[in-house]
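Working notes, beginning with the structure itself.
Atoms considered below: every heavy atom in the structure, side chains included; atoms not considered: hydrogens, waters and symmetry mates. Residue numbers begin at 1 in each chain, while the letters A, B, ... track the order of the sequences.
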2 protein chains.
Amino acid sequence: MINIFDFILPTKIRYGKGIIEVLGEELRLLNAKKVMVITDKGLAKTDMLKKLIFIIQKEGIDFVIYDAIEANPKDYNVEDCAAKAREISADTLVAFGGGSPIDAAKAVAVLAKQGGKVRDYQGKGKIKDDCLPLLTIPTTAGTGSEVTFSSVITDTKEKFKFTIKSTAIAAKTAIIDPELTLTVPPMTTAATGIDALTHAIEGYTANCTEPIAEAVGLYAVEYIAKNIVEAVKNGSNLEARDKMMMGSLLAGLSFSHADVASVHCMAEALGSIYDAPHGMCNSILLPYVMEYNLPEAGYKYARIARAMGIDEADDNKAAEKGIEHIKQLSREIGLPVIKSLNVNPDDFELLAEMSVKNGSNASNPRSVTKEDYVMLFNKAYND
Amino acid sequence: MINIFDFILPTKIRYGKGIIEVLGEELRLLNAKKVMVITDKGLAKTDMLKKLIFIIQKEGIDFVIYDAIEANPKDYNVEDCAAKAREISADTLVAFGGGSPIDAAKAVAVLAKQGGKVRDYQGKGKIKDDCLPLLTIPTTAGTGSEVTFSSVITDTKEKFKFTIKSTAIAAKTAIIDPELTLTVPPMTTAATGIDALTHAIEGYTANCTEPIAEAVGLYAVEYIAKNIVEAVKNGSNLEARDKMMMGSLLAGLSFSHADVASVHCMAEALGSIYDAPHGMCNSILLPYVMEYNLPEAGYKYARIARAMGIDEADDNKAAEKGIEHIKQLSREIGLPVIKSLNVNPDDFELLAEMSVKNGSNASNPRSVTKEDYVMLFNKAYND
């Protein structure tokens, strides 16, 4: 197969311990005069946010904090936030948080300038270039959203997660400081970490992937698989946190230039109906989808296994051992099983229908029908 | 070690067989009205250039061809070309060629707007943002210059190659079409291919490297090592050409976000004194520098060996086998030894002095003194 692809990275990445200090300098470069900081209620109370505000104030920049973004960000979160941004004439957005505030901020960047409802911007070519400039500061190692071009928002009326996507909503600048993750609790570290692993694996294996996305995706697998247990069990280990943050960034660069696939199709369906944490949904489903994909993705799964440290020359055996290793990692870091989300098996038909309709279904390395998805939900439920 | 780095990619990459067709569209996006096509005398006569001109004309864009760029581009090439660009009020540059026209065009992009001599722009912060927009179209799989921020120019008075570097001189757009390399002769394919391999290895192992540069560098090694023999021996094999072009791109992304190291320090010295092809100089010196670096770079060299397909669990053994494999590849593709460049051993002192002064000397994974460079030149000469 001969490669054909485009590669654009609209985001300037500044990565490192203590790099948050450059926030003032970077806001100046963006010519920010009136900043809206978009975050959630939990983070709004932290010393990290105080530090961030201190830096903005020191720079003499006017700011407002919007902290009402919920998990699995809702259409009304985005629309309310965008209205406030217009009201105060914000000229720059700073997203501070996990995937929810960052995804919400990307949608706010469009709505604040182009008006309307979030749902209006679903589909290719709907988002014009004129968006509010966005600076992202991730506080979890998982989302990758700080460098991706997409935003996943929940349509609360339809109970359906949908994606808007454009390089115009990507951050102009991402400030990625692993120190910000030192206080993330073990369960969140575990779920977001396996979320990042899912991004890496789906980015590396997606039908539409390309060699740059493959290279960073495969490298991300190594960073994450070799450090997730330590990051969960000893959260104050900066080296493990650094490696997880780096893995999440590499994974974000991978899937944004390829796509995610069936794990995300199923996880987004679960998140839509049960409002369950996205990372946790991914982490529960990942090994089952990998088992299903094995006949088509064996060679790449073998390479994934070797990147995780599995020494096995035979591709088939390596691939199988890799999947087993991921299951074992999930158990070791205490991730729950699907039943703990209070999932009702009667919903599997609906969840499968939502999964098959997901825009990333076509990117899965093995074709998946609605029936296959029902089977996969049942398998995860009964395991 | 905790990671700290910035990552910026100012170039939009469009890659693929036949992708040259998007040239018109991309020039329109750059708002080009008067294009200067910068190339060399050999390429000026090709059907490829005719096709490129046909596309520009079809778009109704005015253009001038400047074809006087020499190998190891000289200061006077750049200064003459920049004067012409000003004279005709060119608003966009298209670099078409191997590393020489592309490197020259980057320097022209500065001089045409900011005046002066090329040498004025050596050193950090000398190049201002206001450069002519540049679109690059590589015709060899080797340079990586289509996506890097640096340009290596020969100071003809001092007989010294120097580098100017800034994201401002990077291409706005790179159109990378492996079909353009189908007619590259075997010896050029060999030399430029090992040049790309050197970029990948030095980018992956440089002291100042970071994980994104490592990921793409290591992946590049695999692409290049597994396809170079076929590309040299069967130049019309598009799949091999595609893989080599992709390897060169990945390698360019790697070293531009890290650095090159001692192979380049020595090769640029050789190129300065003997005007020898850069790729060939690199290819001759690569295994000797690797042998020297072994005590410091063993683990990474082992990974490089495994990326080339060497199945060896012990790191030290793998690293040694990897170096041997590179020597063997060079022999298999018919690369010459250093004596064929008519090198005079009396010059080794001078060449070593130039190598140690090279800005990339500090990036080598093992520290190298002038005496070490003399030893390395002697070793390559007497082998």
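- Every residue was checked against the side-chain hydrogen bond (donor to acceptor under 3.5 Å, both in side chains) condition with B:Lys172, not counting sequence neighbours, and none meets it.
- Heavy atoms of B:Leu250 lying under 4.5 Å from chain A belong exclusively to its side chain.
- By the 6.0 Å contact criterion, CG on A:Asp311 is open, its count of non-hydrogen atoms from other residues, nucleotides or ligands being 12 or less.
- Ranked by non-hydrogen atom pairs under 4.5 Å with chain B, the options A:Leu253, A:Ile8, A:Asn3 are led by A:Asn3.
- The local environment of CG in A:Asp129 is sparse, with at most 12 non-hydrogen atoms from other residues, nucleotides or ligands closer than 6.0 Å.
- With contacts defined as side-chain heavy-atom distances shorter than 4.5 Å, the pair A:Ile4/B:Lys17 does not qualify.
- Of all residues spanning residues 200-216 of chain A, those with a heavy atom less than 4.5 Å away from chain B's heavy atoms are A:Tyr204, A:Pro211, A:Ile212, A:Glu214, A:Ala215, A:Val216, arranged by number.
- Contact of the A:Asp6 side chain with the B:Tyr15 side chain is not registered, since no non-hydrogen atoms from C-beta on lie closer than 4.5 Å.
- The candidate from B:Val22, B:Ile19, B:Leu218, B:Leu238 with the greatest count of non-hydrogen atom pairs under 4.5 Å with chain A is B:Leu238.
- Here CG of A:Leu9 is found 6.5 Å from CZ of B:Phe7. Values are rounded to the nearest 0.5 Å.
- Contacts of B:Ile176 with chain A are absent, with no heavy-atom separation under 4.5 Å from either backbone or side chain.
- Proximity to chain A is limited to the side chain of B:Arg303, based on heavy atoms less than 4.5 angstrom apart.
- Across B:Glu239 and A:Ile2, no two heavy atoms sit closer than the pair CA-CD1, 3.5 Å.
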